[in-house]
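The next block holds one structure in the form of structure tokens; read it before the comments.
Counting starts at 1 for both ligands and their atoms, in listed order.
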Amino acid sequence: MAKGKVDALLGIVFGDEGKGKVVDVFTPRYDIVARFAGGPNAGHTILFEGKKFVLRSIPSGIFDENKLNIIGGGCVIAPDLFMAEACELEAAGYDLHQRLHISQRAHLILPTHRVLDRAYEAAKGKAKVGTTGKGIGPTYSEKASRTGLRVGDILDNFRAKYEALKARHLQILADLHYTDFDITDEEKKWFEGIEYMQHFPLTDTETELNRALAEGRNVLAEGAQGTMLDIDHGTYPFVSSSNTICGGVCTGLGVPPTSIGEVFGIFKAYSTRVGSGPFPVELFDETGDKIREIGHEYGAVTGRNRRCGWLDLVALRYAIMINGVSQLIMMKGDVLDDFETIRVCVAYERNGVRTTDMPFNTEGWAPVYRDFPGWQTDLTHMTSPSQFPSAFRDYIAFIERETGTPVTLVSVGPDRAQTISLA
Ligand code: IMP
């Protein structure tokens with residue numbers, strides 16, 4: 001961590017890698033924690049002082065009164081959900097108002113964006129993306145169409161702008177014959193959220209951030225979702241609608257590429273995915289169920305079962321390349337404690353053709369596995385790498401060799417103390 005730099009902390013597969021816990025461990029080292037993309041589709045579970053919080057839009061540095069937290073311009077924000085999330089933190093005793101700044105450039109998720117999300121998914125039938133239903137896609141589409149509403153718009157003749165956009169959405173919904181919805185209560189809460197948001201500094205966060213960097217302060221850019229859900233580099237069209245990769249830090253926060261320092265890539269010792277889309281390593285048998293059960297792999301936002309499989313090195317290498325990952329962080333090593341054999345996907349194969357590069361579409365590609373003996377030891381009590389069983393050390397060493405990237409932190413349980421540095 002260098003002064004005046006932005007370090008990025010990114011989930012580098014399909015999200016849900018456990019960023020919340022790592023950010024919590026990392027934040028003491030940083031002056032500012034900033035979210036650069038995504039919105040309430042994220043769900044960062046954080047255990048703080050024995051209490052569990054699920055942060056959706058608010059950065060994970062919020063628990064420390066000495067940190068500035070920023071919701072950057074690349075994010076989308078739902079005022080009603082933001083209010084609910086912030087009020088929960090306030091009720092737990094955290095005073096957020098000066099600790100959290102919101103970019104005026106962040107786009108607003110309207111209640112009708114959420115209805116559109118449902119309507120588009122319904123229209124896709126079997127080809128649905130399996131979105132979180134939070135209106136993410138319609139809001140980012142609106143941004144690209146240059147018809148969206150931004151946080152800064154709240155401050156000027158807002159109601160008229162809102163009504164004009166809502167009318168357009170209602171027309172689209174009528175054209176889709178999607179009329180069976182009622183947003184009256186939701187809309188009321190949404191406008192309460194708009195009022196509530198105005199008690200926070202709504203600022204030009206890019207100027208703030210660049211000034212802070214020039215003064216030598218350091219910033220942690222907190223990723224959401226994962227590389228394989230990136231709108232450009234993920235498994236399109238089964239992706240989210242923002243740039244979740246390291247490039248998104250620069251566009252989402254308005255900081256130059258030269259300001260990026262370390263890029264921490266978080267992955268799990270195995271793979272999971274929520275929602276639809278190709279997932280070559282998916283296990284449909286009791287091994288997949290066992291991973292889900294032990295790893296508590298159920299969606300933090302939607303509660304859906306996460307699809308589970310073995311670690312996929314094709315995806316990991318690809319994500320390291322796209323993001324320029326300088327250090328890897330492996331989560332949930334302990335979930336594999338009980339397995340006799342542990343498999344790692346080292347390549348994909350289709351019609352006799354083998355590749356270690358990420359194909360345009362992973363549909364139809366089968367994983368090629370290499371097997372490792374399981375360590376069959378409880379890792380959760382370990383406090384130093386010297387205690388690791390040799391089979392676990394071999395597993396990590398293999399990942400490092402295959403990816404050319406050091407694993408510098410390993411998590412072996414949900415508690416902050418169960419995070420072991422290998423650096
Ligand atoms: P959306 O972001 O709600 O549009 O959903 C698009 C796809 O991204 C769906 O497959 C979601 O399940 C997935 N997704 C969105 N946010 C997350 C996340 O934070 N973790 C994991 N998957 C996510």
Ligand 1 versus Val239, non-hydrogen atoms closer than 4.0 Å: side chain, backbone, both, neither?
backbone
Does the plane of the ring in His199 sit parallel, tilted or perpendicular to the ring in Tyr196? Use 30° and 60° as the thresholds.
perpendicular
Mark the output for Phe238 as yes if a heavy-atom distance to ligand 1 is under 4.0 Å, and as no if none is.
no
Measure up the Phe181 and Tyr178 rings against each other and bin them: parallel (under 30°), tilted (30 to 60°), perpendicular (over 60°).
parallel
Before accepting this row, confirm whether a basic side-chain N of the pair Glu17/Lys332 lies closer than 4.0 Å to the acidic partner's carboxylate O.
no
May I ask you to check whether Gly137 has an N/O atom sitting below 3.5 Å from an N/O atom of ligand 1?
no
To which protein heavy atom is atom 5 (O) of ligand 1 closest, and what is the distance rounded to 0.1 Å?
Thr131 CA, 3.4 Å
Checking a contact table here: which protein heavy atom is nearest atom 11 (C) of ligand 1, and how many Å away?
Gly130 O, 3.6 Å
Nearest protein heavy-atom contact for atom 17 (C) of ligand 1: which residue, which atom, what distance?
Gln225 CG, 3.5 Å
Please confirm whether Ala224 comes under 4.0 Å of ligand 1, counting heavy atoms of the residue only.
no
Atom 12 (O) of ligand 1 - nearest protein heavy atom and its distance
Arg304 NH2, 3.0 Å
N or O contact, Asp16 vs ligand 1, cut-off under 3.5 Å:
yes
Test of proximity, Ser241 against ligand 1: N or O pairs below 3.5 Å:
no
When you look for heavy atoms under 4.0 Å from ligand 1, do you find them on the side chain of Lys128, its backbone, both, or neither?
neither
Side-chain donor-acceptor pairs under 3.5 Å in residues 26-34, sequence neighbours left out?
unit_1	atom_1	unit_2	atom_2	d
Thr27	OG1	Val23	O	3.3
Thr27	OG1	Asp24	O	3.3
Tyr30	OH	Asp7	OD2	2.5
Asp31	OD2	Asn218	N	2.9

Polar contact flag for Lys134 and ligand 1 (N/O pairs, less than 3.5 Å):
no
For Leu213 and Ser259, which heavy atoms make the closest approach, and how far apart are they?
CD1-CB, 4.1 Å
Going by the order shown, which atoms of ligand 1 are within less than 4.0 Å of some heavy atom of Ala42?
19 (O)
With no hydrogens and no angle check, is any side-chain donor or acceptor of Arg304 less than 3.5 Å from a backbone partner on Gly130?
yes
Does Leu229 approach ligand 1 within less than 4.0 angstrom via side chain, backbone, both or neither, non-hydrogen atoms only?
side chain
Among all protein non-hydrogen atoms, which one is nearest to atom 10 (O) of ligand 1, and what is the separation to 0.1 Å?
Val274 O, 3.3 Å
Flag if over 12 foreign heavy atoms under 6.0 Å of CZ, Arg343:
yes
Interfacing atoms of ligand 1 (cut-off 4.0 Å, heavy-atom, Phe14)
21 (C), 22 (N)
Count the heavy atoms belonging to other residues, nucleotides or ligands that lie under 6.0 Å from CZ of Phe158, then report whether that count exceeds 12.
yes
Ser326 (side chain) donor-acceptor with Val263 (main chain) under 3.5 angstrom:
yes
Please say whether the positively charged group of Arg159, taken as NZ for Lys or CZ for Arg, lies over the ring of Phe191, i.e. under 6.0 angstrom from the six-membered ring centre and within 45 degrees of the axis.
yes
Return yes or no for this condition: an N or O of Ser240 is under 3.5 Å from an N or O of ligand 1.
yes
May I ask you to establish whether Lys290 and Phe339 are in a cation-pi arrangement, using a distance under 6.0 Å from NZ or CZ to the six-membered ring centre and at most 45° from the ring axis?
yes
Quick test: of every protein heavy atom, which one is nearest to atom 3 (O) of ligand 1, and how far off is it to 0.1 Å?
Thr132 OG1, 2.6 Å
